[in-house]
**Q** 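What follows is a structure written as structure tokens; I'll ask about it next.
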Amino acid sequence: MSDSLPSPGLPAPRPCLSIWQRSTRHSTLLNEGSASELPPTADVIVIGSGMSGALTAFELLSAPNGPKNVIMLEAREACSGATGRNAGHCRPDAFRGFTAFSKRINPEQAMKIIAHEKLVLQLVKAFIQKHDIDCDFDYCQTFDVVMGDDFLQYIKGSFDAYKEAGGDMSGITWLDAENAKKATRVPSALGAYEWTAASLHPAKLCQAILELNKSLGMKLFTHTPAVSITASGNANNEWVVNTPRGNITAPIVVHATNAFAATLLPCLHSQVRPVRAQAHKVIPTPAFSGPNMLTHTYSLRFSLTHFYSVIQRKVDGVLVLGTSRGVPGMGQEVFETKDDTVHNPVIEEDCLANFKQVFSDWGEEVQGEGHEFGWTGILGLTKDAVPFIGPVPSLPGQFVIAGFNGHGMARIFGSAPGLAKIILGGSWSDTTMPECFQITEERLERLSALV
Ligand SMILES: Cc1cc2nc3c(=O)[nH]c(=O)nc-3n(C[C@H](O)[C@H](O)[C@H](O)COP(=O)(O)OP(=O)(O)OC[C@H]3O[C@@H](n4cnc5c(N)ncnc54)[C@H](O)[C@@H]3O)c2cc1C
């Protein structure tokens, strides 16, 4: 089925399992609705059960004037895309992206992107508190540790530019090399800066939202891929979403398919690119257990594209190490895949070797300590590194929220409520999102000219 669909097709039906999926195998949501009959019609069809789809559906269902009959289609298990397979950070950009986004888009939008991420952290925290969600949420301090000279030059420039442009410096602490070495436990640190972020169990959070949605009347059909969307031809100009298990007609369709958005939306071909990322579960040695645990989460920054993320979960001490695409000596073809059934042993080796070199007090491992397993997931990359959100040009009634560039946890809690407002008749100015997130003909055209 997948091979006959336009690229990138469908996600692999049986992906490898992440740390988050391995610890939620009891969830009855996983295969929900996979054997039930599909209804013929709905008010809204949401395609994709990750954080984007789950939260958009929640916002629609809980709006006073919102739709009641909301259907969610998921190609495989519930929440088995990037949301269920990420590295566990909800980490707003402190200021790092200011220079890059100023060049790529403009300084005003760069400022708004950063402000939006800081707002999202507060929105995530408030949502979890309000709904009393058990998802290992740890509102904590985080370090970017400067590990390379080029990155040091870049980040100093971005710090100054953001400050000069009037950026919000509150809560950001800059540490010189000497103080950074002490504070971060990284003897080779060239500097560091610290701000507030969070780590969480993304699958537990997403599943909790899906449960809330069910209590508000949403029907979830897992293992039910949407394979095409056709015009109904009826008087209301509705859409028919076709699946191997039957068809559903609705006036509104939401594409929350992230890396796979282009399969059903030709306008996103070459605009949202599936790229694989990898993370690892590591059990700490005594030097990193109990009172010796890391107090902060980290990004160890060798360059803009070569970095490693580190979280140490307060609830069990387990470390989650995330990797980037800039692993020296590795060709990009390793990352240019939509296959999340396996992980790459060379990336695993590089990540672990690096971690132990950076944290040189790690110590000897006994059996049961150290690396336990790795996993992969598929990111949706866009050419300007911001997502596509809003009404799909020329397809009235179809909406998209996709292309989170490996950074969705710091963006979706502002974007999904914004999209829901727009679906319900609001305008962009009613939302908190930067204008540059909007999908427009002009943006698609401009980006299509870029390689
Ligand atoms: C290894 C890794 C580490 C990461 N680390 C972080 C991190 O630390 N912090 C952070 O902010 N972000 C991180 N990310 C990125 C983050 O996970 C994503 O940005 C976010 O989860 C995107 O959510 P989403 O709901 O848009 O997409 P997804 O969670 O990918 O959901 C899309 C869903 O759509 C389904 N689908 C696709 N096509 C179809 C179809 N045709 N029919 C039906 N269903 C379909 C998929 O199966 C999937 O469940 C990481 C990602 C990976 C892979």
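In this chain, residues are counted from 1 in sequence order. Counting starts at 1 for both ligands and their atoms, following the listed order.
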**Q** Heavy-atom distances under 4.0 Å decide this one: backbone, side chain, both or neither, for I47 against ligand 1?
**A** side chain
**Q** What atoms in ligand 1 come closer than 4.0 Å to a heavy atom of G50?
**A** 25 (O), 29 (O), 31 (O)
**Q** Any ion pair linking R313 and D138 (charged N to carboxylate O, less than 4.0 Å)?
**A**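 Here D138 does not pair with R313 in a salt bridge, since their nearest N and O are not under 4.0 Å apart.
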**Q** Looking only at heavy atoms, is any part of S52 under 4.0 Å from ligand 1, and if so is it the side chain, the backbone, or both, or is it neither?
**A**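 Contact part for S52 vs ligand 1: both backbone and side chain.
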**Q** Please check if the side chain of S18 supplies one atom and the backbone of G84 the other of a donor-acceptor pair under 3.5 Å.
**A**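 Yes; at least one donor-acceptor contact below 3.5 Å.
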**Q** For atom 44 (N) of ligand 1, what's the nearest protein heavy-atom neighbour? Residue, atom name and distance, please.
**A** A75 N, 3.0 Å
**Q** Can you report which non-hydrogen protein atom sits closest to atom 27 (O) of ligand 1, along with the distance?
**A**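 Nearest protein contact, heavy atoms only, for atom 27 (O) of ligand 1 is N258 CB, 3.2 Å.
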**Q** Do you know the tightest heavy-atom contact between R245 and L38?
**A** O-CD1, 3.8 Å
**Q** Evaluate E435 against R443 for salt bridge (Lys or Arg N to Asp or Glu O under 4.0 Å), listing each step before the verdict.
**A** CA-CA 11 Å; E435 289 77 10; R443 180 175 165 207; over 6 Å; no
**Q** With heavy atoms under 4.0 Å as the rule, classify the contact between L10 and ligand 1 as side chain, backbone, both or neither.
**A**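 Side chain only; the backbone of L10 stays clear of ligand 1.
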**Q** May I ask you to check if R22 and F373 form a cation-pi contact, with NZ or CZ under 6.0 angstrom from the six-membered ring centre and within 45° of the axis?
**A** yes
**Q** With a 6.0 Å cut-off on the ring centroids, do F413 and F127 count as close?
**A** yes
**Q** For ligand 1, is any non-hydrogen atom under 4.0 Å from L379's backbone (N, CA, C, O), its side chain (CB onward), both, or neither?
**A**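 For L379, the contact with ligand 1 is made by the side chain alone.
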**Q** Polar contacts were defined as any N/O atom of the residue lying under 3.5 Å from an N/O atom of the ligand; does this apply to G406 and ligand 1?
**A**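 Yes; the residue has a nitrogen or oxygen that sits under 3.5 Å from a nitrogen or oxygen of the ligand.
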**Q** Establish, yes or no, whether a centroid distance under 6.0 Å links the rings of H89 and Y298.
**A**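 So the answer is no for these two rings.
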**Q** Identify, for atom 30 (O) of ligand 1, the protein heavy atom at the shortest distance, and state residue, atom and that distance.
**A** A82 N, 2.9 Å
**Q** Ignoring hydrogens, just give me the one of R411, H89, M51 whose non-hydrogen atom is nearest atom 9 (N) of ligand 1.
**A**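 Residue with the shortest heavy-atom distance to the ligand atom: H89.
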**Q** Any heavy atom of T263 closer to ligand 1 than 4.0 angstrom?
**A** no
**Q** Starting from atom 11 (O) of ligand 1, locate the nearest protein heavy atom and write down its residue, its atom name and how far away it is, to 0.1 Å.
**A** M409 N, 2.9 Å
**Q** Does any N/O atom on T83 come nearer than 3.5 Å to any N/O atom on ligand 1?
**A**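 Yes, since at least one N or O of T83 sits under 3.5 Å from an N or O of ligand 1.
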**Q** Go through ligand 1 atom by atom and flag the ones less than 4.0 Å from a non-hydrogen atom of A410.
**A**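 Matching atoms, with element in brackets: 11 (O).
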**Q** Cation over ring, R185 on F288, under 6.0 Å and within 45°?
**A** yes
**Q** Please classify the R85 to ligand 1 contact at 4.0 Å (heavy-atom distances, strictly less than): side chain, backbone, both or neither.
**A**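 It is the backbone that touches ligand 1; the side chain stays farther off.
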**Q** Answer yes or no: is there a donor N or O on one side and an acceptor on the other, between the side chain of W20 and the main chain of N86, under 3.5 Å?
**A**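 Yes: the side chain of W20 pairs with the backbone of N86.
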**Q** Taking only heavy atoms of P225, which atoms of ligand 1 are found under 4.0 Å from at least one of them?
**A** 42 (N), 43 (C)
**Q** Identify the protein heavy atom lying closest to atom 49 (O) of ligand 1, giving its residue, its atom name and the separation to 0.1 Å.
**A** E74 OE1, 2.7 Å
**Q** Under 4.0 Å from any heavy atom of A277, which atoms of ligand 1 are there?
**A**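 With A277 as reference, the close atoms of ligand 1 come out as 1 (C), 2 (C).
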**Q** Can any side-chain N or O of K118 pair as donor or acceptor with the backbone N or O of A94 at less than 3.5 Å?
**A**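 Indeed, once roles are kept as given, a pair shorter than 3.5 Å links the two residues.
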**Q** Please confirm whether G322 comes under 4.0 Å of ligand 1, counting heavy atoms of the residue only.
**A**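 For ligand 1, residue contact (heavy atoms, under 4.0 Å) with G322 is absent.
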**Q** Just to check, does S309 reach to within less than 4.0 Å of ligand 1 when the distance is taken from its heavy atoms?
**A**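 It does not; every heavy atom stays at 4.0 Å or beyond.
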**Q** In terms of side-chain geometry, is the basic nitrogen of K214 or E32 positioned less than 4.0 Å from the acidic oxygen of its partner?
**A** yes
**Q** Using side-chain heavy atoms (C-beta onward) and a distance below 4.5 Å, is F399 in contact with H255?
**A** no
**Q** Both conditions, 6.0 Å and 45 degrees, for the charged tip of K125 above the ring of Y139: are they met here?
**A**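 Checked: cation-pi criterion met.
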**Q** Tell me whether the rings of H343 and H280 are parallel (<30°), tilted (30 to 60°) or perpendicular (>60°).
**A**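 Plane angle over 60°, so perpendicular.
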**Q** Considering the heavy atoms of F260, write down every atom of ligand 1 situated less than 4.0 Å from one of them.
**A**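 Answer for ligand 1: 37 (C), 38 (N).
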**Q** Any side-chain to backbone donor/acceptor pair from D340 onto I378? Under 3.5 Å, distance only.
**A** no
**Q** Does NZ or CZ of R325 fall inside the cone over F335's six-membered ring, less than 6.0 Å from its centre and within 45° of the axis?
**A**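 Cation-pi check for R325 and F335: fails.
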**Q** Report the nearest protein non-hydrogen atom to atom 19 (O) of ligand 1: residue, atom name, distance rounded to 0.1 Å.
**A**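 Result for atom 19 (O) of ligand 1: G408 N, 2.9 Å.
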**Q** Which of the numbered atoms in ligand 1 are below 4.0 angstrom from a heavy atom of A87?
**A** 3 (C), 4 (C), 5 (N), 6 (C), 8 (O)
**Q** With a cutoff of 4.0 Å, is I412 in contact with ligand 1, counting heavy atoms of the residue only?
**A** yes
**Q** Before signing off on this row, confirm whether L264 and ligand 1 have an N or O atom pair separated by under 3.5 Å.
**A** no
**Q** Kindly assign one of parallel, tilted or perpendicular to the pair F359 and F355, based on the angle between their ring planes and the thresholds 30° and 60°.
**A**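 Answer is tilted, since the angle falls between 30° and 60°.
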**Q** Between the candidates G81, G48, A256, which shows the shortest non-hydrogen contact distance to atom 32 (C) of ligand 1?
**A**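 Answer by nearest heavy atom: A256.
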**Q** Which of the numbered atoms in ligand 1 are below 4.0 angstrom from a heavy atom of G88?
**A** 8 (O)
**Q** Of the protein's non-hydrogen atoms, which lies at the shortest distance from atom 50 (C) of ligand 1, and what is that distance?
**A**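 Nearest protein contact, heavy atoms only, for atom 50 (C) of ligand 1 is N86 CB, 3.1 Å.
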**Q** Can you tell me which residue and heavy atom of the protein come closest to atom 41 (N) of ligand 1, and the distance to 0.1 Å?
**A**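 That would be A226 O, 3.0 Å.
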**Q** Can you name the atoms of ligand 1, numbered from 1 with element, that are less than 4.0 Å from a heavy atom of G377?
**A**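 Heavy-atom distances to G377 below 4.0 Å select 53 (C).
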